[in-house]
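Contents: one structure, followed by commentary.
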Amino acid sequence: MNRGATGPVALCFFALTALACAPVWAVDYFVTQDGPAHAYSASLMLRLLAGDASTAALFALNPWTLSNSIGHWLLVLLLTVVSPFAATKVMVTLTYAGVVAAVGFLRFTTVGRDGLLTSLLLGAAIGFSWLWLGGLYNFLIGAIGLAVTLGLFCRWTDRLGPGRVFSLSALLLLVYISHIVTFGVLVVALVLVAAFSAPHERRRASVGVVVALVPVALLALLYGSASGGPPNGEPMFPVWRRLSDPWSIVSWLSHIRTADPFFILSRRALPFSTATSGAFAVFTPLLWLLTAAALLAWGTVSRPRLPLLMVFALCALGAAFGPDDFGTSHGTLLRERLAFLAALLFVPLYRTDGGKNVTRALAHLCLAGLILFQTTALWEYARHTNRDATEFLAIGGALEGQTSIASVVVLENGLRFPSNPTAGLSNFLGIGRPAVVLDNYQIGYSLFPVVAQSPDYRRFVFDLTSVNVLDQADPPSVWDANVSKLGAFFAANHSKIETILVWRRNAQVEAVLQQWYEAEPFFEHGRGRLYRRRPESGATGGAAVR
């Protein structure tokens, strides 16, 4: 790329990133849904690395060969120099900017300078997803690595010498330790690109992919031999959780619609408005993203990009018709992740040099409108998380002397934002304090770098984080069922939890908890209250946990 082209591209990249991330840095506390759990897990990793005996009595590091870990290790590094709240902002910014840059890089390495500025607009639109606001750092870093690795391999197929095979292997390792879904899609993409390369390049490219995969295969075998099973022994089996009737077209249409990862505000709402209406679905970001993609793709797919078209189609079909997961213990949101990767893999498939200025301009208009809408919604989300976090974190000073804490969060309406950061805010209270925060869902899985020492404790955390968030917007039958599950859990496990943090008042929830916890809070601030377990209700939390 010449210098004349570099200037506008760099300016566009920085402008789009600054516009999107301004709300992140404009507030004191910007919180993603899983961000607090990631930060708390990273703090536990730091304690384990420092040889803290009390932490090692409860937690252990997973084998270093684990996938789904790179974001945690980056947070470990960040927590050595900045606060957990600044580290969260840095991770959010890096993952958004990284997606935009990776999309541009994939476009440039596969197509060239044609449509490069358009690809940055696409990247900025794709970057706004509730996977991003969900704090899925490992997956997003894996998606960035996928785009970079695929782009480089498409350039290297004709000159794939030992040095490039080594580089390819290193990139595959990076994507593997980031996330297993992005790694799987990348392997399929590399195999297809190698298989459809020119006849004189095909053998060398195919052998190069196989050789580059050897270190990853060894790493995966090492992890498989060293790791434990999921907390509930759940087998891997495809599950269509949101498909009510496999013989119903309406059910399939509803199933397809739920794979959308690109809205960060309810489809029935508008930013900074209390009005709700089904008519607001016209502003659904996916609708505008698909419109822009259709305008760009009109008659532009060419044969040299056939393998990229094939992997794009596989991801799109998997998102639309595939299972939601293979058991929740093995990870969730499979279809949403595939939809995100399909959008990323669309980037090399269109042309803008065919003289279709009107369709290109309309596509740019759709993308620009989408980015402005999402940015406005993000400003509201930032204000929402900052308000809740400010109240929540003020409770931390009252936790001195407490050994174990769990939260019960009552949401007023968890449907406005698909990301619910309030549900995980209690994890911040465990950073820098001896109190163990029990509702870090990651400790209940085998999929993260730090795990509970005891399988029983792992199951306990798994069950706690399945029942401790309730939404008052749920139908009465669902609400009553969830309150009953909460009661059953505490009936069996209250002796393990010394202190309960209850967020937002609700008579039914309070009546359940008062069976084992004091009727009056020993500390209250805003919507949060702390309750001690009654002395007759069981042994101390720390002893029970061990």
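Counting begins at 1 with the first residue of the sequence.
In this structure, F139 and H179 have perpendicular ring planes: the angle between them is above 60°, well past the 30° mark. Under the 30°/60° scheme for interplanar angles, the aromatic rings of F346 and F312 are found to be tilted.
The main-chain N or O of G163 is found under 3.5 Å from a side-chain atom of S167 such that the two form a donor-acceptor pair. Between the side chain of H38 and the backbone N or O of G135 there is at least one donor-acceptor pair closer than 3.5 Å. Judged by distance alone, the side chain of R458 and the main-chain N or O of A452 form a donor-acceptor pair under 3.5 Å. When atom types are taken as modelled, the side chain of T88 and the backbone of P84 share a donor-acceptor pair closer than 3.5 angstrom. Judged by distance alone, with hydrogens and angles left aside, the side-chain atoms of S169 form a donor-acceptor pair with the main-chain N or O of A212 at under 3.5 Å. A distance-only check finds no donor-acceptor pair linking the side chain of T157 to the backbone of A205 [under 3.5 Å]. Under a 3.5 Å cut-off, the side chain of R202 and the backbone N or O of S197 do form a donor-acceptor pair. Without hydrogens or angle criteria, T258 side chain to H255 main chain gives a donor-acceptor distance under 3.5 Å.
No option in W25, W132, Y137 other than W132 meets the ring pair (Phe, Tyr, Trp, His ring centres under 6.0 Å) test with Y96. In summary, of the residues considered (F462, Y40, F448), a ring pair (Phe, Tyr, Trp, His ring centres under 6.0 Å) with Y441 occurs for F448 alone. Applying the side chain to side chain donor-acceptor pair (under 3.5 Å) test between N138 and each of D34, T182, T95, N68 identifies N68 as the sole match. A side chain to side chain contact (heavy atoms under 4.5 Å, CB included) with V187 is found for exactly one of V209, V175, L213, namely L213.
Counting only heavy atoms from C-beta outward, the side chains of R159 and R204 never approach each other to under 4.5 Å. At a threshold of 4.5 Å between non-hydrogen side-chain atoms, the residues L306 and L192 do not count as touching. For the pair F417 and F263, the minimum side-chain heavy-atom distance is 4.5 Å or more. By the 4.5 Å heavy-atom criterion applied to side chains, F153 and T109 are not counted as neighbours. Looking at heavy atoms from C-beta onward, L333 lies in side-chain contact with W130 at the 4.5 angstrom threshold. At least one side-chain heavy atom of V216 sits under 4.5 Å from a side-chain heavy atom of F183. A 4.5 Å side-chain heavy-atom check between L296 and L122 finds at least one atom pair inside the cut-off. Side-chain contact between L46 and T80: present, with at least one pair of heavy atoms (C-beta onward) separated by less than 4.5 Å.
Here the closest heavy-atom approach between residue L117 and residue V9 is recorded as CD2-CA, 3.7 Å. A pairwise comparison of heavy atoms in L120 and G104 identifies CD2-CA, 4.0 Å as the closest pair. Nearest heavy-atom pair, V211 versus V165, reported as atom, atom and distance to 0.1 Å: CG1-CG1, 3.9 Å. Of all heavy-atom pairs between L79 and A39, the closest is CD1-O, 3.7 Å.
The ring of F373 has its center no closer than 6.0 angstrom to the ring center of F128. In summary, the aromatic rings of F30 and Y381 are positioned with their centroids under 6.0 Å apart.
Between the side chains of D245 and S248, not a single donor N or O lies within less than 3.5 Å of an accepting N or O. Residues S446 and N62 bring no donor and acceptor atom of their side chains to less than 3.5 Å of each other.
Taking 4.0 Å as the cut-off between side-chain N and carboxylate O, R351 and D114 do not count as a salt-bridged pair.
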Stepwise, does the side chain to side chain contact (heavy atoms under 4.5 Å, CB included) test hold for V461 with N440?
CA-CA 7 Å; V461 173; N440 179 355; 5.6 Å; no
Derivation of the side chain to side chain contact (heavy atoms under 4.5 Å, CB included) call for Y457 and F59:
CA-CA 10 Å; Y457 182 29; F59 307 104; 3.9 Å; yes
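The salt bridge (Lys or Arg N to Asp or Glu O under 4.0 Å) pairs that include a residue from residues 326-343 are R242-E336, D324-R335, where partners are two or more places apart or lie in different chains.
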